[in-house]
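Just below is one structure, and these are the notes that go with it.
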Amino acid sequence: MKKSDVPQDKGHLSKDNYNEVYYAINDDGEFSKTLSAGWETKNIVQSETLKVLEERTEAARQKVENGEASPILYFMELKRMDWEILSNYVGIWKFFVKRHAKATVFRKLNDSTLKKYAEAFEVSVEELKHFDGKN
């Protein structure tokens, strides 16, 4: 693609003045870096992906509020983690991490275990303990 053909379609990220680096052919016929404000197709996909992620986070918040899940599920979704990633961050087997996402099991966790989760989610242990989905 020629440098003049690099798309400049404003999208979700361009609101924050983010630009992406693309490689395009310059006037001398060589590849060079150029900035792009976005590409319409990519912007649509990114917007839809963010919408799905926000829906998942809201569903997790609702489960915490209804007492169906622990705050671990909400913060995992909020931080865009999955079971495997969270398990690696906290150094606890995935099986136990999934158990800790149950409200009844979560209430029995000791502070040293909660501290691992709090550090992974970048919140305090108190915030984690007292998150009820209504905050």
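Keep in mind it's a predicted model, so treat the numbers as computed, not measured.
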Hey, could you give me the CD/CD distance between Glu68 and Gln62, rounded to the nearest 0.5 Å?
-> 9.0 Å
Distance-minimising heavy-atom pair for Arg80 and Thr57 = NH1-OG1, 3.3 Å
Does Lys108 reach the side chain of Thr104, with side-chain heavy atoms less than 4.5 Å apart?
-> no
In terms of heavy-atom contacts, Val105 and Arg99 come closest through CB-O, 3.3 Å
Below 4.5 Å, heavy atoms only, C-beta onward: do Leu78 and Phe121 meet side chain to side chain?
-> no
Within a reach of under 6.0 Å around CG of Asn110, are more than 12 heavy atoms found that belong to other residues, nucleotides or ligands?
-> yes
Beyond-backbone contact of Thr34 with Asn26, side-chain heavy atoms, under 4.5 angstrom = no
Answer yes or no: is there an ion pair linking Glu77 with Arg56, defined by an N-O contact shorter than 4.0 Å?
-> yes
Is Lys79 salt-bridged to Glu122, cutoff N-O under 4.0 Å?
-> yes
What pairs of residues pass the ring pair (Phe, Tyr, Trp, His ring centres under 6.0 Å) test when at least one of them lies in residues 79-106, not counting sequence neighbours?
-> His100-Tyr117
Interatomic distance, CD1@Ile44 vs CD@Gln46, rounded to 0.5 Å, equals 11.0 Å
Determine, stepwise, if the pair Leu109 / Lys129 fulfils side chain to side chain contact (heavy atoms under 4.5 Å, CB included).
-> CA-CA 10 Å; Leu109 294 177; Lys129 273 184 178 180; over 6 Å; no
Before giving the answer on side chain to side chain contact (heavy atoms under 4.5 Å, CB included), spell out for Tyr22 and Lys33 the whole-Å C-alpha distance, their side-chain angles and the decisive distance to 0.1 Å.
-> CA-CA 6 Å; Tyr22 282 81; Lys33 294 178 188 177; over 6 Å; no
What are the two closest heavy atoms between Ser87 and Val97, and how far apart are they?
-> CA-CG2, 3.9 Å
Look up atom NZ in Lys98 and atom NZ in Lys94, then write down how far apart they are to the nearest 0.5 Å.
-> 5.0 Å
Can you find a side-chain donor-acceptor pair between Ser70 and Arg107 that sits under 3.5 Å?
-> no
Between Leu86 and Ile92, does a side chain to side chain contact (heavy atoms under 4.5 Å, CB included) hold up when you go through it step by step?
-> CA-CA 8 Å; Leu86 180 55; Ile92 300 172; over 6 Å; no
Closest contact, heavy atoms only, Pro71 versus Leu128 | CG-O, 3.4 Å
Least distance between heavy atoms, Lys116 atom then Val90 atom = CD-O, 3.4 Å
Lys/Arg-Asp/Glu bridge criterion (N-O < 4.0 Å) met for Lys51, Glu54 = no
Could you state the interatomic distance from OH (Tyr74) to CD (Glu58), rounded to the nearest 0.5 Å?
-> 8.0 Å
Kindly determine whether Leu73 and Lys63 satisfy side chain to side chain contact (heavy atoms under 4.5 Å, CB included), including the steps that lead there.
-> CA-CA 9 Å; Leu73 180 66; Lys63 285 183 179 182; 3.9 Å; yes
In Å and rounded to the nearest 0.5 Å, what is the CG to CG distance from Asp82 to Asn88?
-> 9.0 Å
Residue pair Gly67 / Ala103: nearest heavy atoms and the distance that separates them = O-CB, 3.6 Å
